[in-house]
Every structure is written in C-alpha cells, then in structure tokens.
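One structure is given below, encoded as structure tokens.
Keep in mind that the numbers below use all heavy atoms, side chains included, and drop hydrogens, waters and symmetry copies. Everything quoted here is computed from the prediction, not taken from an experiment. For the single chain, residues carry numbers from 1 onward in sequence order.
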Amino acid sequence: ALYGNLPFFTIAVGSTGHGGFAFAPGLNSLGYPTGGWGWTIGGVTVPGQFNAPNVSTINDGNWHHLVHVAQRSANCTTYLDGKQVDSTTIIESGDITMANAATIGQDPTGSYGVTAGAYIDDLAVWTNALTQLQISGMYLAGVSNAPGVSFAPAIAPKPHPVEMQVVQVGAQWQIQWAGGVGTLWSAPAVNGPWTAIQTNAASPYTIPMATPGTFYRLK
C-alpha cells in the first residue's frame, strides 16, 4: 500500500497534502501511519496541514468520537472523546475550493491505492462552528448508547425566584413583580403568622394605607 492515509472524508485526490481538505489517519515523518489522526486544509503547498503524532489515539480497537472545528479566520481545533486535544492556525490556508466530489473512505477518484480496515459511523458536516459544550454533548450522547440521540439533553435552568419591589405611585404604594399570578400573603412579622389575602394576584397590588409594618410574600 502507498502510505496509510486512506481518507476518512476529503475532496482532495490523494488524501492529505494535495489541497482542499482531507481528514485521514495521521502519518509520521517517514509516511507511516501512527494510529492517530491527521488533516489538511489548504493548497498544494500544504499551509495548515497537521498530522497527529500520537500513537494509537484512534486505532486502539475502541470507538472514538473525533471532531475537527475549522474557522477560516482562526484555527482548526480538534476534539477527541469530548476533549480538546489540538488547535492549529489555518489563517493562511487560502481558497480551498475544488470541483471534486466529497468522498467518505476514499478519494474522489475512488481508486486511491491504499488498503485499510476501519469502521466510520455517524459522519456529519456542520455549517457552523460547534462549541465545546455541543461537542461534549454529542460525545456523552454517543457513550450513553441512547437510540436516535445526537446530543445529551440540555440541563433545564432552575426557576428564577420571583422578585418583588415596593413602588410609590402618586399617593399610593404598590407591590410589583414579574413572573405571573400567585397567592399573595401578608404577616405582621417576617416569621408569620402568614395569611392569604388574595388568590390569583397579578402585579401590581396596591397596599392598603391602613397596613403599615406589614410583610408580604407571593407564592
């Protein structure tokens, strides 16, 4: 076989180092596979190429979640199993447009002379730059083996407590709040006893003039 970089996903004829973009197994300086990952984003002169020297980071008999996030005005950042493992500039990559078809597991000719055996599952291309949180969510969804799930469920924010304030309006005082209706309670002291004075109360509530020194709460 010629080298060992049969591409995972590419538009370049001949895998990495041939312009356009190519994501493939990484090679060492002698052109032999390292068991890691590699990529090219750029022209034939290969600005922006990076090959992972790590041995067996993805070729160890286990499933791995590998993500490359490329931002043309910044870096190509690589995440492995939900964690960032590399970030390399691609600012000088220039125009990578090619007329070749994008191919999975081969180059656009369909006859790149490399033999390889591997499993590729759920390859996806995103038009926006994924965040660390999104990538971690995808990885967690994958390791959970949940059928049909691409992201870990978002954590629901805790309900925001209702904030009340007392505002003078003309000769009156009002209790105002945001957050809908509820039952308004009053008490002569902060520790009670509390008495329900209005159900389905909606903001604002006008405080009776004859109730100085009264505490209020909304439930």
Side-chain angles (χ1 to χ4, degrees), residues 23 37 39 52 54 57-58 60-91 119-219:
F23 303 98
W37 42 266
W39 53 261
N54 311 79
T57 52
I58 60 174
D60 58 0
N62 299 308
W63 282 101
H64 291 284
H65 183 246
L66 181 64
V67 180
H68 301 289
V69 179
Q71 295 178 286
R72 295 302 305 277
S73 60
N75 294 351
C76 181
T77 303
T78 300
Y79 300 84
L80 182 63
D81 295 336
K83 298 179 181 179
Q84 180 179 326
V85 293
D86 180 70
S87 190
T88 303
T89 182
I90 56 172
I91 293 176
Y119 292 101
I120 300 175
D121 181 62
D122 227 7
L123 188 147
V125 178
W126 302 78
T127 57
N128 59 295
L130 296 177
T131 65
Q132 170 77 72
L133 183 61
Q134 290 174 314
I135 293 167
S136 298
M138 285 189 287
Y139 171 67
L140 292 174
V143 297
S144 70
N145 291 318
V149 176
S150 295
F151 289 93
I155 299 174
K158 294 181 179 179
H160 194 278
V162 175
E163 295 182 358
M164 303 174 65
Q165 60 180 341
V166 177
V167 179
Q168 184 176 6
V169 180
Q172 297 179 321
W173 290 88
Q174 291 182 347
I175 301 174
Q176 299 178 357
W177 66 87
V181 299
T183 299
L184 191 66
W185 300 70
S186 69
V190 70
N191 59 347
W194 291 92
T195 302
I197 58 174
Q198 185 174 338
T199 59
N200 295 321
S203 178
Y205 172 80
T206 300
I207 301 174
M209 298 297 292
T211 57
T214 303
F215 292 86
Y216 294 90
R217 70 182 183 187
L218 184 72
K219 282 185 161 183

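- Trp173 CH2 to Thr206 OG1: the interatomic distance, rounded to the nearest 0.5 Å, is 13.0 Å.
- Thr57 approaches Asp60 most closely through the heavy-atom pair O-OD2, 4.4 Å.
- One distance of note links CG of Leu184 with OG1 of Thr195; it measures 11.5 Å at 0.5 Å rounding.
- With rounding to the nearest 0.5 angstrom, the CE atom of Met138 is 10.0 Å from the CG atom of Leu133.
- Put simply, the side chain of Gln71 never gets that close to the backbone of Ile91: no donor and acceptor are under 3.5 Å apart.
- The two residues Gly82 and Ser136 have their closest heavy-atom pair at O-OG, 3.4 Å.
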- Message: Run His65 and Ile135 through side-chain contact (heavy atoms from CB on, under 4.5 Å) and show every step you take.
- Response: CA-CA 9 Å; His65 183 246; Ile135 293 167; 4.2 Å; yes
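- The aromatic rings of His68 and Trp39 stand perpendicular to each other, their planes meeting at an angle above 60°, with 30° marking the opposite boundary.
- In this structure, Gln176 places its CD atom where more than 12 heavy-atom neighbours from other residues, nucleotides or ligands lie under 6.0 Å away.
- For Gly182 against Leu218, the heavy-atom pair with the smallest separation is C-CD1, 3.8 Å.
- Contact detail for Lys83 and Gln132: the closest heavy-atom pair is CA-NE2, 4.5 Å.
- Checked against a 6.0 Å centroid threshold, the rings of Trp37 and His64 do not count as neighbours.
- Between Leu80 and Leu66, the shortest heavy-atom contact is CD1-CD1, 4.1 Å.
- Of the possible polar contacts, one joining the Gln134 side chain to the Thr131 backbone as a donor-acceptor pair under 3.5 Å is found.
- Here the CD atom belonging to Gln165 is positioned 10.5 Å from the CD atom belonging to Gln174, to the nearest 0.5 angstrom.
- Distance OH/Tyr216 to CH2/Trp194: 10.0 Å, rounded to 0.5 Å.
- Ala187 and Pro193 make their closest contact through CB-O, 3.2 Å (heavy atoms, listed as atom of the first residue, atom of the second, distance).
- For the pair Thr214/Ile207, no side-chain contact is recorded, criterion being any heavy-atom separation below 4.5 Å from C-beta on.
- Checked by atom type and distance alone, the side chain of Gln168 pairs as donor or acceptor with a backbone atom of Gly170 at under 3.5 Å.
- To the nearest 0.5 Å, atoms CG (Leu130) and OG1 (Thr77) are separated by 11.0 Å.
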